[in-house]
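Remember, it's a predicted structure, so these values are computed and weren't measured experimentally. Quick note: numbers below take in every heavy atom, side chains included, and nothing from hydrogens, waters or symmetry partners. Residue numbering restarts at 1 for every chain, and letters A, B, ... go by the order of the sequence lines.
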2 protein chains.
Amino acid sequence: MRYSQQREIIRDIVFSTNSHPTADWVYGKAKKSMPNISLGTVYRNLKQLTDQHIIKTIYDGTIARYDWNKESHDHLKCVDCGEMVDIQTSNRERLKTVVNDKHNFDITDVEITFIGKCHKHNKKEKKE
Amino acid sequence: MRYSQQREIIRDIVFSTNSHPTADWVYGKAKKSMPNISLGTVYRNLKQLTDQHIIKTIYDGTIARYDWNKESHDHLKCVDCGEMVDIQTSNRERLKTVVNDKHNFDITDVEITFIGKCHKHNKKEKKE
DNA sequence: ATTTAAATAATAACAGTTCCTATTATTAGA
DNA sequence: TCTAATAATAGGAACTGTTATTATTTAAAT
């Protein structure tokens with residue numbers, strides 16, 4: 001993979017946040033330092049970075065988000081914030097093993113997303 | 001919610017399979033008994049059925065699938081088949097409780113998807 | 001410096017989904 | 001049973017997120 005300034009910027013942007021940004025968010029940020037970068041370039045590089053296991057692609061409902069954190073971890077999603085937070089639960093590996101054995105499946109990954117309301121939104125006030 | 005023949009057909013189709021069909025697949029099936037049903041009608045009704053908790057919407061990468069099984073359960077996805085299979089792991093409720101307490105989150109749901117290769121595809125032969 | 005192929009910007013194409021509008025069908029009430 | 005009110009529909013346009021195309025630019029090997 002040949003060097004490109006665009007890819008470096010895109011990589012740095014993903015690594016600069018814990019917010020699991022969308023391609024469009026990355027695009028907006030990238031334009032600040034490189035005003036005529038194109039959205040296609042952002043998508044192409046996010047895919048390449050994923051293929052090289054430099055970042056991870058995760059799915060939030062129907063849209064793709066990108067995560068620099070390649071450690072095995074789960075996500076917590078607040079239905080009010082919409083934002084996703086990284087969390088650690090200890091059971092991932094054990095769960096994988098159990099399913100592997102029980103279902104004769106060669107499990108390579110587990111995606112666990114907890115959906116609910118964070119402490120800011122779990123009282124009665126509701127956004128929107 | 002007023003009765004409609006279309007909605008009844010759509011509901012029956014989702015309830016007739018374990019394959020977590022996409023909207024388009026449901027549309028194809030529905031056309032057999034009602035040739036000029038429209039795709040918009042399929043989407044509208046799948047959403048309504050979801051809102052009424054008659055079916056569940058699940059996401060597979062970037063596309064929506066529909067599941068009649070409202071029981072708390074996990075999914076197993078074969079990267080070769082692409083198909084999703086329902087499975088049961090015992091830890092869901094415990095996981096929810098742990099995260100609830102540890103992160104002060106009001107968890108309403110957990111989505112767990114195991115990704116790997118089923119017994120048909122976990123040897124060396126590879127599709128496509 | 002020249003050459004070669006990878007990467008780019010710009011934009012068209014695409015897939016999945018939602019929205020719009022004139023028409024049709026369900027259902028409550030006369 | 002007929003009628004009126006309005007929810008649901010078909011058909012298609014519009015929208016959103018993503019991928020593909022192409023002429024041009026750029027990294028980097030020679």
Please tell me if the side chains of [X] and [Y] come closer than 4.5 Å, counting only heavy atoms from C-beta onward.
| X | Y | value |
| --- | --- | --- |
| A/Cys118 | A/Glu83 | no |
| A/Leu49 | A/Tyr66 | no |
| A/Val14 | A/Lys56 | no |
| A/Ile10 | A/Leu46 | yes |
| A/Phe15 | A/Ile54 | yes |

**Item:** Gap separating the CD1 atom of B/Ile58 from the CE atom of B/Met84, nearest 0.5 angstrom
**Value:**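 Atom-to-atom, B/Ile58:CD1 and B/Met84:CE are 5.0 Å apart.
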
Just to confirm, is there a sub-4.0 Å distance from OP1 or OP2 of [N] to any side-chain nitrogen or oxygen of [X]?
| X | N | value |
| --- | --- | --- |
| B/Gln6 | D/dA10 | yes |
| A/Asn45 | C/dT8 | yes |
| B/Tyr43 | C/dT17 | yes |

**Message:** Quick test of your reading: applying ring pair (Phe, Tyr, Trp, His ring centres under 6.0 Å), list the pairs with at least one residue in residues 74-102 of chain A, sequence neighbours left out, ordered by first then second residue.
**Reply:**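 Applying ring pair (Phe, Tyr, Trp, His ring centres under 6.0 Å) to every pair that reaches into residues 74-102 of chain A, excluding sequence neighbours, yields A/His20-A/His75, A/His73-A/His75.
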
I need the [atom1]-[atom2] distance between [X] and [N], as an integer number of Å.
| X | N | atom1 | atom2 | answer |
| --- | --- | --- | --- | --- |
| B/Trp25 | C/dG16 | CH2 | P | 16 Å |
| A/Gln48 | D/dT18 | CD | C1' | 15 Å |
| A/Asn36 | C/dA10 | CG | C1' | 10 Å |
| B/Ile63 | C/dT17 | CD1 | P | 6 Å |
| B/Lys31 | D/dG11 | NZ | P | 10 Å |

Over all atoms of both residues, closest heavy-atom pair of [X] and [Y]:
| X | Y | answer |
| --- | --- | --- |
| B/Arg7 | B/Arg2 | NH1-O, 2.7 Å |
| A/Ile37 | A/Tyr27 | O-CE1, 3.3 Å |
| A/Leu39 | A/Ala23 | CD1-O, 4.4 Å |
| B/Ile107 | B/Val99 | CD1-CG1, 3.9 Å |

**Prompt:** If you look at every strand shown and take non-hydrogen atoms under 4.0 Å, does A/Ile37 touch a base, only sugar-phosphate, or nothing?
**Reply:**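 Sugar-phosphate, backbone atoms only, no base.
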
**Request:** For DNA chain C, find the residues of residues 52-62 of chain A with a heavy-atom distance under 4.0 Å and give them by number; none if there aren't any.
**Result:**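 Under 4.0 Å from DNA chain C: no residue of residues 52-62 of chain A.
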
**Request:** Return the residues of residues 8-18 of chain B meeting this criterion: a heavy atom under 4.0 Å from some atom of DNA chain C. Order them by number, or give none.
**Result:**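 Nucleic-acid contacts, sorted: none.
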
**Prompt:** For A/Lys32, does the NZ atom sit with more than 12 other heavy atoms under 6.0 Å from it, leaving out its own atoms?
**Reply:**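 For A/Lys32, atom NZ is not crowded (no more than 12 foreign heavy atoms under 6.0 Å).
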
**Message:** Please encode protein proximity along nucleotides 19-27 of chain C as a string of B, S and -, counting only heavy-atom distances under 4.0 Å.
**Reply:** B-----BBS

**Bend angle of the helix from C/dA1-D/dT30 to C/dA30-D/dT1, from helix axes over five pairs at each end, nearest 10°** =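 Answer for the end axes of this duplex: 30°.
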
**Request:** Kindly give the cluster partners of B/Val79, where membership spreads through any ILVMFWY side chain lying under 4.5 Å from a current member.
**Result:**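 Members besides B/Val79, by chain and number: B/Ile115.
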
**Distance-only polar pair, side chains of A/Asn45 and A/Gln48, donor-acceptor under 3.5 Å** =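 Side-chain D/A pair, A/Asn45 to A/Gln48: present.
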
